[in-house]
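Every value quoted in this text rests on a predicted model; they were computed, and no experiment measured them. Numbers here simply count residues along the sequence, with the first being 1. When reading the values below, keep in mind they use all heavy atoms of this one structure, side chains included, and skip hydrogens, waters and symmetry mates.
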Amino acid sequence: MDEQYSDAAGNVIREQAAKGLNPGLVVLLVVGGLLLLFLVGNYVLYMYAQKTLPPKKKKPVSKKKLKREKLKQGVSAPGE
């Protein structure tokens, strides 16, 4: 795969084809693979947590807020 050229002075220049993988490509593949592994791992953990963890409990609504909501809807609060 060697190619030979001669320049204007008559010197012979040999160019060798690159052997092996381009280092930039190797870095890109490694970083891309790690990113993909990270995202897939997060998804798997998310799905596992959805199945095993109990659902979040809602905060109790205070009586004051309940009264305010009922007044907004036009329903009188009990006891008034």
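Separation of atoms CG (L29) and CG (N22) is listed at 10.0 Å; rounding is to 0.5 Å.
Among residues two or more places apart in sequence or in another chain, the side-chain contact (heavy atoms from CB on, under 4.5 Å) test is passed with V30 by V26, L34. Residues satisfying the side-chain contact (heavy atoms from CB on, under 4.5 Å) criterion with K64, sequence neighbours excluded, are S62, R68. For L28, the side-chain contact (heavy atoms from CB on, under 4.5 Å) test picks out no residue, with sequence neighbours left out.
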List, one per line, each side-chain donor-acceptor pair under 3.5 Å for residues 50-60, sequence neighbours excluded.
unit_1	atom_1	unit_2	atom_2	d
T52	OG1	Y48	O	2.9

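The hydrophobic cluster containing L39 also includes L35, F38, under a criterion of side-chain heavy atoms closer than 4.5 Å among ILVMFWY residues, counted directly or through chains of members. Hydrophobic clustering, defined by side-chain heavy atoms of Ile, Leu, Val, Met, Phe, Trp and Tyr closer than 4.5 Å, groups Y46 together with Y43, M47.
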